[in-house]
Student: 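First the structure, then my questions, so here it is.
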Amino acid sequence: MEAWAIRSRWVVLCLLAMGGPASAGPDSDMAARRQAMVDEIAGEVRMTSQYLGRDRLDSRVLEAMGQVPRHELVPERQRRYAYENRPLPIGHGQTISQPYIVAIMTDLIEPEPTHVVLEVGTGSGYQAAVLGRLVDRVCTIEIIPPLADRARADLARLGYGNIRTRTGDGYYGWPECGPFDGIVVTAGASQVPPPLIEQLKPGGKLVIPVGSRFLTQQLLLVEKGEDGELRTRQILPVRFVPLTGGH
Ligand code: SAH
């Protein structure tokens with residue numbers, strides 16, 4: 001008992017000597033938690049490498065995940081969980097995806113600094129922000145107006161000037177913003193929407209969860225060859241909120 005008390009006093013002294021948690025601002029605390037999340041993602045990628053066809057992600061993707069302040073894009077109540085590797089509620093029955101899933105979807109489209117990318121399902125704006133750090137321009141569509149408005153305001157506040165947002169049904173894509181080098185759909189569809197295939201450039205890549213509402217969805221990677229031919233690869237089972245809309 002006494003030894004424990006002495007040890008805990010020693011720990012307190014050490015923390016004080018280092019500057020201690022009292023002087024560690026919330027931002028540096030968040031940055032440390034974010035880095036721990038990135039390390040966890042890298043570990044999970046190694047564990048699931050047989051699904052992904054790779055045992056590590058592009059270092060640029062991990063770097064972007066280490067920079068985007070996820071805690072600034074989730075509701076106040078969820079902030080303390082922002083760097084746990086799991087989905088979180090963002091209101092209106094929707095969720096911000098698990099960071100591991102955001103990382104692999106981003107990696108699968110192989111983003112380049114010159115690329116123009118479409119996201120369907122803006123939600124919190126987090127996936128758009130990660131893409132925004134990696135490509136030239138992101139166009140993102142959200143069907144629920146209050147979520148679209150909040151994400152638009154948050155992304156502007158955080159200085160993401162290369163992300164264009166739109167309120168509407170992303171099933172139809174955004175032809176005036178395209179054609180796209182990559183498309184990321186973050187809601188589960190029953191099929192790959194043909195307008196999105198049309199707006200994908202030759203050589204482009206699209207990731208989308210496909211399946212019925214009641215069965216497990218599969219994350220698909222659709223690649224459009226230079227000759228326009230499509231090649232589809234099933235990546236791994238996932239669970240996303242459904243793609244809604246009148247289509
Ligand atoms: N990418 C988001 C995850 C959002 S969850 C993030 O990083 O936070 C999926 C989102 O897709 C929800 O916000 C939902 O409202 C939206 N959605 C569902 N169907 C849609 C459609 N047809 N068009 C655009 N957005 C849609």
Side-chain angles (χ1 to χ4, degrees), residues 34 37 41 61 64-65 67-75 77-79 81-109 111 117-135 138-155 158 160 163-175 177-178 180 182-197 199 206-213 217 219 238-247:
R34 192 155 57 238
M37 177 194 82
I41 293 170
V61 172
M65 298 290 297
Q67 286 166 336
V68 175
R70 194 172 188 251
H71 67 283
E72 298 269 5
L73 294 164
V74 297
R77 292 197 302 290
Q78 304 296 337
R79 277 195 171 191
Y81 310 116
Y83 296 109
E84 291 182 12
N85 187 19
R86 61 179 170 101
L88 295 170
I90 54 170
H92 305 273
Q94 306 304 320
T95 54
I96 178 173
S97 310
Q98 181 189 2
Y100 159 77
I101 294 287
V102 172
I104 62 173
M105 288 176 88
T106 306
D107 195 77
L108 283 166
I109 62 160
V117 170
L118 173 71
E119 181 198 21
V120 175
T122 314
S124 67
Y126 178 67
Q127 169 79 75
V130 171
L131 289 165
R133 299 201 78 100
L134 294 162
V135 302
V138 180
C139 306
T140 180
I141 311 177
E142 170 57 53
I143 204 165
I144 299 180
L147 285 180
D149 293 345
R150 191 166 67 202
R152 185 176 296 122
D154 284 342
L155 291 169
L158 295 172
Y160 287 95
I163 301 177
R164 291 177 65 186
T165 57
R166 175 188 251 191
T167 309
D169 188 346
Y171 178 91
Y172 301 102
W174 189 345
C177 222
F180 302 103
I183 300 180
V184 174
V185 182
T186 66
S190 55
Q191 52 149 337
V192 183
L196 300 186
I197 295 288
Q199 291 166 39
L206 179 157
V207 275
I208 181 169
V210 171
S212 87
R213 236 169 233 239
Q217 302 152 350
L219 188 64
V238 287
R239 209 164 143 184
F240 276 80
V241 295
L243 188 77
T244 58
H247 49 268

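Remember, it's 1-based here, ligands and their atoms both numbered in the order they're listed. Note that this is a predicted model, so its numbers are computed, not measured.
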Student: If you draw a 6.0 Å radius around CZ in Arg86, do more than 12 non-hydrogen atoms from other residues or ligands fall strictly inside?
Tutor: yes
Student: What is the closest protein heavy atom to atom 7 (O) of ligand 1, and at what distance does it sit?
Tutor: Gln127 N, 3.1 Å
Student: Could you tell me which atoms of ligand 1, counted from 1 in the order shown, lie closer than 4.0 angstrom to a heavy atom of Ile96?
Tutor: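 Near Ile96, the atoms of ligand 1 are 8 (O).
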Student: Say whether Ala151 and ligand 1 are in contact under the criterion: heavy-atom distance to a ligand atom below 4.0 Å.
Tutor: no
Student: Quick check on contacts: which atoms of ligand 1 are under 4.0 angstrom from a heavy atom of Gly168?
Tutor: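 Those of ligand 1 that fall under 4.0 Å from Gly168 are 23 (N), 24 (C).
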Student: Backbone N or O of Tyr172 within a donor-acceptor pair of the Gln199 side chain at under 3.5 Å?
Tutor: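 Side chain of Gln199 to backbone of Tyr172, a donor-acceptor pair under 3.5 Å: yes, one is there.
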Student: With heavy atoms of Leu147 as the reference, note each atom of ligand 1 found under 4.0 Å away.
Tutor: 13 (O)
Student: Under a 4.0 Å threshold between the charged nitrogen and the carboxylate oxygen, would Glu142 count as salt-bridged to Arg166?
Tutor: no
Student: Taking C-beta and beyond as the side chain, do Leu131 and Thr106 meet within less than 4.5 Å on heavy atoms?
Tutor: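 Yes - at least one pair of side-chain heavy atoms lies under 4.5 Å apart.
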Student: If only atom types and distance count, is the side chain of Tyr171 paired as donor or acceptor with the main-chain N or O of Val120 below 3.5 Å?
Tutor: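 Absent.
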Student: Which residue and non-hydrogen atom of the protein lie closest to atom 9 (C) of ligand 1, and at what distance in Å?
Tutor: Thr186 O, 3.3 Å
Student: Heavy-atom distance under 4.5 Å between the side chains of Pro146 and His92, does that happen here?
Tutor: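 The answer is yes, as the side chains (C-beta and beyond) meet within the 4.5 Å cut-off.
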Student: Applying the side chain to side chain contact (heavy atoms under 4.5 Å, CB included) test to Phe240, which of Val185, Thr186, Val210 qualifies?
Tutor: Thr186
Student: Could you name the option among Glu142, Arg70, His92 that has the heavy atom nearest to atom 15 (O) of ligand 1?
Tutor: Glu142
Student: What are the two closest heavy atoms between Pro75 and Ile90, and how far apart are they?
Tutor: CG-CA, 3.8 Å
Student: For ligand 1, which part of Gln94 has a heavy atom less than 4.0 Å away: the side chain, the backbone, both, or neither?
Tutor: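 Answer for Gln94: side chain.
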Student: Please report whether ligand 1 has a polar contact with Gly121, defined as an N or O pair separated by less than 3.5 Å (distance criterion only).
Tutor: yes
Student: N/O to N/O below 3.5 Å, does that happen between Ser97 and ligand 1?
Tutor: no
Student: Does the residue Thr122 have a heavy-atom contact with ligand 1, meaning some pair of atoms that are separated by less than 4.0 Å?
Tutor: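 Checking ligand 1 against Thr122, which is what was asked, there is a heavy-atom contact under 4.0 Å.
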Student: Atom OH of Tyr83 and atom NE2 of His71: how far apart are they, to the nearest 0.5 Å?
Tutor: 4.5 Å
Student: When you measure from the side chain of Tyr160 to the backbone N and O of Asp154, does any donor-acceptor pair fall under 3.5 Å?
Tutor: no
Student: Among all protein heavy atoms, pick out the one at the shortest distance from atom 19 (N) of ligand 1; state its residue, atom name and that distance to 0.1 Å.
Tutor: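 Checking every protein heavy atom, the shortest distance to atom 19 (N) of ligand 1 gives Thr244 N, 2.9 Å.
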Student: Based purely on interatomic distance, does Ile143 place a nitrogen or oxygen under 3.5 Å from a nitrogen or oxygen of ligand 1?
Tutor: yes
Student: Using modelled atom types only, decide if a donor and an acceptor are shared between the side chain of Thr122 and the backbone of Ile141 within a distance under 3.5 Å.
Tutor: yes
Student: Distance-only, no hydrogens or angles: does the Arg164 side chain make a donor-acceptor pair with backbone N or O of Cys139 under 3.5 Å?
Tutor: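 No: the side chain of Arg164 does not pair with the backbone of Cys139.
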Student: Regarding Arg152 and Thr167, is there a side-chain donor-to-acceptor distance under 3.5 Å anywhere?
Tutor: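 Yes, because at least one side-chain N or O of Arg152 sits under 3.5 Å from a partner of the opposite role on Thr167.
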Student: Could you pull out, from Ser124, Gly173, Gly123, the option with a heavy atom nearest to atom 8 (O) of ligand 1?
Tutor: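 Looking at heavy atoms only, Ser124 sits closest to atom 8 (O) of ligand 1.
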Student: Taking both backbone and side-chain atoms of Gly170, is any N or O found less than 3.5 Å from an N or O belonging to ligand 1?
Tutor: yes
Student: Are any of the heavy atoms in Pro242 under 4.0 Å away from ligand 1?
Tutor: yes
Student: Considering the heavy atoms of Ile141, write down every atom of ligand 1 situated less than 4.0 Å from one of them.
Tutor: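 What qualifies from ligand 1 is 24 (C), 25 (N).
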Student: If the cut-off is 4.0 Å to any non-hydrogen atom of Ile144, which atoms of ligand 1 fall inside it?
Tutor: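 Reading through ligand 1 atom by atom, the close ones are 15 (O).
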Student: Taking heavy atoms and a distance under 4.0 Å, where does Glu119 meet ligand 1: side chain, backbone, both or neither?
Tutor: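 Only the side chain of Glu119 comes within reach of ligand 1.
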Student: Check ligand 1 against Val241 and write out every atom of the ligand that is under 4.0 Å from a heavy-atom position of the residue.
Tutor: 5 (S), 9 (C)
Student: Taking N or O atoms only and a 3.5 Å limit, does Asp169 qualify as a polar contact for ligand 1?
Tutor: yes
Student: In the protein, which heavy atom is nearest to atom 3 (C) of ligand 1, and how far is it?
Tutor: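 Looking only at protein heavy atoms, the one closest to atom 3 (C) of ligand 1 is Thr95 O, 3.4 Å.
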